[in-house]
Amino acid sequence: MSAGPEQVREMRARVVEELRGAGVTEEVAEAARLVASELVGNAVRLCGPFTPVVVQIARSADEVIVAVHDPEPTALPDRDPCPPGNDTAESGRGLWILDALAPGWSVRPTPFGKQIRCRLPCRDPLGEDAG
C-alpha cells in the first residue's frame with residue numbers, strides 16, 4: 001500500500017477483520033492492529049508520506065505474526081530515551097508498545113528495504129492453545 005492516511009485507516013480495519021475471521025480473540029486482533037499501525041507510522045516518519053509498505057499478517061496455532069516491509073534499509077527503529085510515561089515526549093512510544101505487546105520483535109534487511117516482524121501470543125477464548 002501507499003501509506004497515506006486513508007490507506008492506513010483501511011489497513012487497521014482490515015487487520016482486525018482478517019484476524020477475527022481467523023478466529024483470533026478481540027484482544028489479540030486489537031493488539032495486532034496497534035502493532036501494524038505503529039510499524040506503518042514508523043515507516044512513514046522514517047521514509048516520508050505515501051511510502052510504499054507491505055503489511056503481512058499470519059496466524060499459527062499459538063501466535064499472530066505482524067510484519068511490515070518498507071523501502072529504507074538503513075532507517076532503523078530508534079527508541080526514545082524518555083520512558084513511555086513521560087508527558088513531555090512528543091514521540092517514541094511506538095517501540096515501547098512493541099516491547100509490551102510483542103517482546104522479541106526483530107528487524108531484518110530484505111532485497112527491497114527492511115522488514116520488522118512481531119510475534120503476538122495467540123490463545124483461544126477459553127485460554128487453551130488455539131489449534
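Source: prediction; values computed, not measured.
- Closest approach of A102 to C118, counting heavy atoms only: CB-CB, 3.6 Å.
- For L34, the side chain to side chain contact (heavy atoms under 4.5 Å, CB included) test picks out E38, I97, L101, with sequence neighbours left out.
- Taking 4.5 Å as the limit, every side-chain heavy atom of Q115 sits out of range of all side-chain heavy atoms of V68.
- Residues I65 and R117 form a side-chain contact, since some pair of their non-hydrogen atoms from C-beta on lies under 4.5 Å apart.
- Considering only heavy atoms from C-beta on, D99 comes within 4.5 Å of W105 through its side chain.
- Remark: R20 does not engage E17 in a salt bridge, criterion side-chain N to carboxylate O under 4.0 Å.
- Here Q56 pairs with H69 under the side chain to side chain donor-acceptor pair (under 3.5 Å) rule; sequence neighbours left out.
- Minimum interatomic distance between P49 and V44 (heavy atoms only, all atoms of both residues): CA-CG1, 4.0 Å.
- Between the side chain of S2 and the main chain of F50, a donor-acceptor pair closer than 3.5 Å is present.
- Judged as a side chain to side chain contact (heavy atoms under 4.5 Å, CB included), and not counting sequence neighbours, the contacts of S37 are R12.
- Screening residues 65-74 for salt bridge (charged side-chain N to carboxylate O under 4.0 Å, His left out), with sequence neighbours left out, gives D70-K114.
- Hydrophobic clustering (side-chain heavy atoms under 4.5 Å, transitive across Ile, Leu, Val, Met, Phe, Trp, Tyr) groups V107 together with V40.
- Listed here is the closest heavy atom pair of A36 and V15: CB-CG2, 4.3 Å.
- Residues L19 and V28 have side chains not in contact (no heavy-atom distance under 4.5 Å, counting atoms from C-beta outward).
- For A43 against T51, the heavy-atom pair with the smallest separation is O-OG1, 4.1 Å.
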* Let me see the working for I116 and S106 under side chain to side chain contact (heavy atoms under 4.5 Å, CB included), right down to the final yes or no. => CA-CA 6 Å; I116 301 177; S106 62; over 6 Å; no
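- In plain terms, the two heavy atoms of L120 and A32 that are nearest each other are CD2-N, 3.8 Å.
- Residue V16 comes nearest to R33 through the heavy atom pair CG2-CB, 3.6 Å, listed as atom of the first residue, atom of the second, then distance.
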* Evaluation steps, side chain to side chain contact (heavy atoms under 4.5 Å, CB included), between M1 and V53 -> CA-CA 5 Å; M1 73 176 188; V53 297; 3.7 Å; yes
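- Not counting sequence neighbours, the partners of E18 by the side chain to side chain donor-acceptor pair (under 3.5 Å) test are R14.
- Using a 4.5 Å cut-off on side-chain heavy atoms (C-beta onward), D62 and C122 make no contact.
- Contact of the Q7 side chain with the M11 side chain is not registered, since no non-hydrogen atoms from C-beta on lie closer than 4.5 Å.
- For R119, the side chain to side chain donor-acceptor pair (under 3.5 Å) partners at least two apart in sequence or on another chain are E63.
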